[in-house]
Amino acid sequence: MTSYGSSSATSGSRTNGLAIASLVCGIIGIFFFNVVLGPLAIVLGAVGLRQAGVKGGGGMAKAGIVLGVVDLIIFAVLIAVAASNGGFTWYVGG
């Protein structure tokens, strides 16, 4: 009998979880907490890239590393802009 509806996920091929975590940290780090999530994405991507030969997900790990570096560049640019404008100030109307 022919088996319908079988997927590749049931055959045991799983993507590397560290590569996925690196990619997610890199994407979220662009918008929030880039000083924390950027280095985390780089570290998780490097470990995920080492495991890519066994578990797969090398492309996601590389993308996570690149996004982690972009996160740190964005943070450096924001700090440079804030320093040139006299720092951060909060204005509460009144």
Side-chain angles (χ1 to χ4, degrees):
M1 218 192 258
T2 305
S3 174
Y4 294 105
S6 65
S7 65
S8 63
T10 59
S11 67
S13 66
R14 295 182 48 122
T15 305
N16 190 353
L18 292 174
I20 294 171
S22 172
L23 184 63
V24 169
C25 286
I27 291 171
I28 294 174
I30 290 175
F31 303 106
F32 304 106
F33 305 118
N34 50 5
V35 71
V36 175
L37 293 177
L40 186 63
I42 293 170
V43 170
L44 290 175
V47 176
L49 198 57
R50 284 186 159 226
Q51 295 178 354
V54 177
K55 294 185 178 181
M60 284 189 285
K62 289 177 188 174
I65 293 171
V66 169
L67 287 173
V69 171
V70 168
D71 291 346
L72 293 179
I73 291 171
I74 289 172
F75 178 71
V77 168
L78 289 176
I79 292 297
V81 168
S84 69
N85 289 333
F88 293 106
T89 60
W90 294 93
Y91 175 73
V92 179

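Computed from a predicted model, the values in this text were never measured in an experiment.
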Non-hydrogen atoms of [X] and [Y] that approach each other most closely:
X	Y	answer
Ala61	Gly45	CB-O, 3.5 Å
Gly57	Ala19	O-CB, 3.3 Å
Cys25	Leu40	SG-CD2, 3.8 Å
Gly26	Ala41	N-CB, 3.7 Å

Supply the members, apart from Leu49, of the Ile/Leu/Val/Met/Phe/Trp/Tyr cluster built from side-chain contacts under 4.5 Å; use none for a lone residue.
Ile65

Any chain of hydrophobic side-chain contacts (each under 4.5 Å) joining [X] to [Y]?
X	Y	result
Val47	Val54	no
Ile27	Leu37	yes
Phe31	Leu44	yes

In the structure I gave you, are the side-chain heavy atoms of Val69 and Val66 within less than 4.5 Å of one another anywhere?
no

Name all residues meeting the side chain to side chain contact (heavy atoms under 4.5 Å, CB included) criterion together with Val43; count only those two or more places apart in sequence or in a different chain, and write none if there are none.
none

Got a second to check how far Ile42's CD1 is from Leu67's CG, nearest 0.5 Å?
10.0 Å

Option among Asn16, Ile20, Leu18 that satisfies the side chain to side chain contact (heavy atoms under 4.5 Å, CB included) test with Met60:
Ile20

For residues 70-84, which side-chain N or O atoms pair as donor and acceptor with protein atoms under 3.5 Å away, sequence neighbours left out?
from: Asp71; atom 1: OD1; to: Ile30; atom 2: N; distance (Å): 3.1
from: Ser84; atom 1: OG; to: Ala80; atom 2: O; distance (Å): 3.4
from: Ser84; atom 1: OG; to: Val81; atom 2: O; distance (Å): 2.9

